[in-house]
Every structure is written in structure tokens, then in C-alpha cells.
Amino acid sequence: MDEEFVVTPWEVRGRVDYQKLMQQFGARPLTQAEVSLLEKYAGEVHPLIRRGFFYAHRDFDAILKWHGEGKPWALYTGRGPSGPVHIGHMVPWILLKWLFNKFGVEVYFQMTDDEKFYDDPEMRLEEATKWAYENALDVIALGFTPDKLHLIIDTKDIKPLYPIAAKVAKKLTWNTVKATFGFTDSTNIGLIFYPSLQIAVAFLPTELHGRPTPVLIPCAIDQDPYFRLARDIAESLGYPKPATLYSKFIMALTGESKMSASNPNSAIYTIDDEKTIRRKIANAYTGGRPTAEEQRRLGGNPDVCPVYHYHMLFDPDDASVEKIYHSCKSGALLCGECKQMLYEKIRKFVKQHQEAREKARDKVDAYRLSSKLS
Ligand code: TRP
């Protein structure tokens with residue numbers, strides 16, 4: 001019997017069947033054909049793609065072919081700034097940075113402080129905006145330069161977006177957005193209008209450059225409803241359809257399908273200190289057995305284990321990850337040692353990231369699209 005699961009842009013419940021979800025949404029699986037095409041243009045394939053963490057798409061092949069014809073395109077992704085960034089949020093951005101390194105195209109990054117304000121009854125607008133600036137540090141820390149990374153904070157940088165959002169909003173009926181996002185009669189109208197803004201950024205590069213400039217959007221698959229609608233209306237507005245590349249969700253340290261912002265122990269934040277990181281990893285749920293004796297005899301289950309999941313996400317060395325997988329299954333590797341290995345990897349990643357993050361402070365405005373247009 002299948003367990004029930006629910007995925008919307010605001011909620012993930014139950015154990016997600018990723019193949020089923022992709023089919024429900026109508027996205028396509030990332031096959032060897034697309035991966036080979038990527039390899040042709042990028043020279044290699046990122047581990048997150050090779051390992052199937054990015055696993056579905058819309059028109060990824062089409063954008064690669066477009067690139068092959070020498071035509072312009074851009075990258076686009078975003079974040080709902082509701083609190084500190086955890087290392088799981090960084091994963092799609094790590095791929096974003098890799099794609100940027102390989103293709104050198106412009107990157108549009110939307111901070112949706114308005115969305116988080118509408119969505120969370122407790123959230124003050126000023127607080128969401130503050131998080132937008134804070135979270136921008138984490139994006140900039142990946143090594144983007146202001147000429148190529150265009151940051152859009154919705155409540156601050158609305159000017160170039162608003163005319164596009166108006167055109168988008170006119171194409172979308174209440175009936176459509178209600179069915180697509182599961183809105184009800186008691187949903188506030190901010191949230192109902194909001195999809196126009198997330199969709200608008202997909203069309204922004206075309207407006208700014210005055211010629212067809214499609215975007216590729218790497219993000220988690222829960223964002224598909226926006227871009228499905230964007231694709232439906234693009235041509236009627238004279239814009240190219242956006243392409244997407246979808247990841248699975250990052251497992252919570254508690255073993256759930258997705259990290260929850262409400263439980264700080266379910267995630268490692270990029271601002272956590274070493275002691276906190278050590279404690280969170282030590283307390284993490286694992287796919288291990290109740291006793292060491294049983295684990296030696298029966299082996300562990302890396303497939304349900306967040307500790308293994310993070311090795312898979314943060315260790316670029318295939319051989320090392322495979323070794324962890326098999327020695328867990330065989331019972332040779334116990335959870336304590338495996339957690340210690342993970343701690344070392346995450347500690348290094350976070351240390352380097354925190355240094356870069358502090359250097360980005362006071363530089364955020366230089367990345368904002370508004371500061372470059374005027
Ligand atoms: N809605 C997204 C969130 O809550 C934020 C977002 C805006 C986004 N534009 C995007 C995410 C484009 C991915 C791609 O996190």
C-alpha cells in the first residue's frame with residue numbers, strides 16, 4: 001500500500017514518491033540523453049545530477065540545444081526568506097553556481113519576502129525583508145560577482161517586475177490558481193496574486209534584453225506549479241517558455257522527507273557554530289540498528305538515513321560515497337563513525353562558507369538589480 005503524501009509549494013507531508021510526484025506534475029525524468037547533452041556542453045556532469053538528486057525537468061534538453069546554437073539564456077532561482085538558511089537550501093544553489101561556472105550566463109535570484117509575509121500569519125513584513133538581506137549573503141558567498149548575479153528583493157525591487165506581473169496576472173484566472181495551488185475562500189489575496197511575481201521573473205531577462213532570453217530554473221520540484229503555469233501562458237505574452245531542472249527534497253536530520261523551519265534541530269544552519277553542528281549530527285536519526293551487535297550482523301539502511309543522505313550531497317568523491325553506502329549495508333561501518341566523518345565534511349564546508357558570507361556583508365546592494373537599472 002502506498003503511503004499518502006502531499007506536496008505543494010508551501011507544504012510537504014508524508015513519505016514522498018518522487019516518480020509519482022513527477023508524473024502528477026507532468027514533468028519529465030532526467031534521462032541519459034539529457035545528461036549526455038549536458039556533458040557535451042559542460043565537459044562534465046555535476047555529482048548532484050549524476051547521483052540522481054536532480055532527477056526531473058521541463059525542456060532542459062531544449063535549453064541546452066538553444067545554448068548550442070549560441071543563443072542567449074539566463075539562470076533563475078529564488079528563496080522565500082523566512083529565517084536562516086540551512087545547508088539543505090544551499091544544495092540547489094551549489095548546482096546553480098556550477099551551472100553558472102560552466103555557462104557564464106546571468107543569474108536572477110528572487111527573494112520573496114512578500115510571499116513569506118502573506119503565507120505565515122506570524123511573520124512581520126519587516127522581518128521577512130531583513131531575512132532577505134541576511135539570506136542574500138549565503139547566495140553571494142558562493143562566489144558570484146555583481147555583474148552576473150541579479151538579486152531581486154520583491155518589496156524593494158518591484159519596478160522592473162511589476163509591468164510583467166500585471167500581464168501575467170491578467171492571464172491567470174481565479175479558477176486556475178485555485179486549482180493549481182489549492183487556495184480556498186479564506187486565502188488572503190496577497191498570496192493569490194503572488195504567483196504572478198514568481199512567474200514574472202522567468203520573463204524578466206527577455207524584457208531587459210529586448211530579445212528572447214529563456215531561463216533555466218534549477219529548484220526543488222515543489223516549485224513546479226508556478227512554472228507549469230508560466231509555460232502555459234508564456235507564448236501568449238510573447239515570451240519563451242522557461243525550462244526547469246528539479247531536485248528531490250533534502251531529508252531532515254530527523255529522517256522526515258523535508259526539513260521543517262519550525263524545528264531548529266532538524267537542520268544545520270549556515271550560521272551554526274561547530275559545537276551546535278556536532279550536537280545536531282550526533283542526535284540525528286539514522287538508518288542504523290538499535291545495537292552495535294545487530295548492526296554488525298544485519299547492516300544498516302542508508303536509503304532512509306539522513307546521515308548517508310548528507311554524505312551523498314556534500315562529498316564530491318564518488319568512491320568515498322559508495323564505500324560509505326556499502327560498508328553501512330554490510331555492517332562494517334557503525335553510525336558513530338559515520339557521523340564523525342560527516343561532521344568533518346560539514347564543518348569544513350560551513351567554516352569556509354561563513355568566512356565568505358561575512359565578506360559579503362555590506363555588499364548586498366551592489367547585487368540588487370535595481371542598483372544596476374535606474
Ligand atoms: N517560492 C519560493 C520559496 O518559497 C521562492 C522562489 C521565488 C523560487 N522564485 C523562485 C524558488 C524560483 C525557486 C525558483 O522558496
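All values below were derived from every heavy atom in this structure, side-chain atoms included, with hydrogens, water molecules and symmetry-related copies excluded. Just follow the structure's listing: the first ligand is 1, and inside any ligand the first atom is 1.
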For atom 3 (C) of ligand 1, which protein heavy atom lies nearest, and how many Å away is it? Gly80 N, 3.5 Å
What are the atoms of ligand 1, with element, lying closer than 4.0 Å to any heavy atom of Glu115? 1 (N), 2 (C), 3 (C), 4 (O), 5 (C)
Nearest heavy-atom contact between Pro205 and Tyr108 is CG-CE1, 3.5 Å
Of Glu39, Lys40, Gln32, which meets side-chain hydrogen bond (donor to acceptor under 3.5 Å, both in side chains) against Ser36? Gln32
Could you tell me which atoms of ligand 1, counted from 1 in the order shown, lie closer than 4.0 angstrom to a heavy atom of Thr112? 5 (C), 7 (C)
Closer than 4.0 Å to some heavy atom of Thr77 - which atoms of ligand 1 meet that? 10 (C), 12 (C), 13 (C), 14 (C)
List the closest protein heavy-atom neighbour of atom 11 (C) of ligand 1: residue, atom name, distance to the nearest 0.1 Å. Gly78 O, 3.4 Å
Do Gln19 and Tyr55 have side-chain atoms, one donor and one acceptor, less than 3.5 Å apart? no
Quick check: Gln110 and ligand 1, any N/O pair under 3.5 Å apart? yes
Would you check if Arg50 and Asp318 make a side-chain contact, meaning some heavy-atom pair closer than 4.5 Å? yes
So does Glu44 pair up with Lys102, basic N to acidic O under 4.0 Å? yes
Just checking, is any N or O donor in the side chain of Tyr310 or Asp315 under 3.5 Å from an acceptor N or O on the other one? no
Which residues share a side chain to side chain contact (heavy atoms under 4.5 Å, CB included) with Asp362, sequence neighbours left out: none
Cation-pi check for Tyr18 against Lys248: NZ or CZ below 6.0 Å from the six-membered ring centre and within 45 degrees of the axis, yes or no? yes
Where on Phe227 is there a heavy atom closer than 4.0 Å to ligand 1, on the side chain, on the backbone, on both, or on neither? side chain
Relative to the heavy atoms of Tyr194, which atoms of ligand 1 are at a distance of less than 4.0 Å? 1 (N), 7 (C)
Quick check: Tyr76 and ligand 1, any N/O pair under 3.5 Å apart? yes
Going by an N to O cut-off under 4.0 Å, is there a salt bridge joining Arg228 and Asp224? yes
Students should be able to answer this: which protein heavy-atom is nearest to atom 2 (C) of ligand 1, and at what distance? Gln223 OE1, 3.4 Å
State the atoms of ligand 1, each with its element, that fall below the 4.0 Å cut-off from a heavy-atom position in Ile217. 14 (C)
Considering the heavy atoms of Lys116, write down every atom of ligand 1 situated less than 4.0 Å from one of them. 4 (O)
Gln198 neighbourhood, listing ligand 1 atoms whose heavy-atom distance to it stays under 4.0 Å: 1 (N), 2 (C), 6 (C), 7 (C), 8 (C), 9 (N), 10 (C), 12 (C)
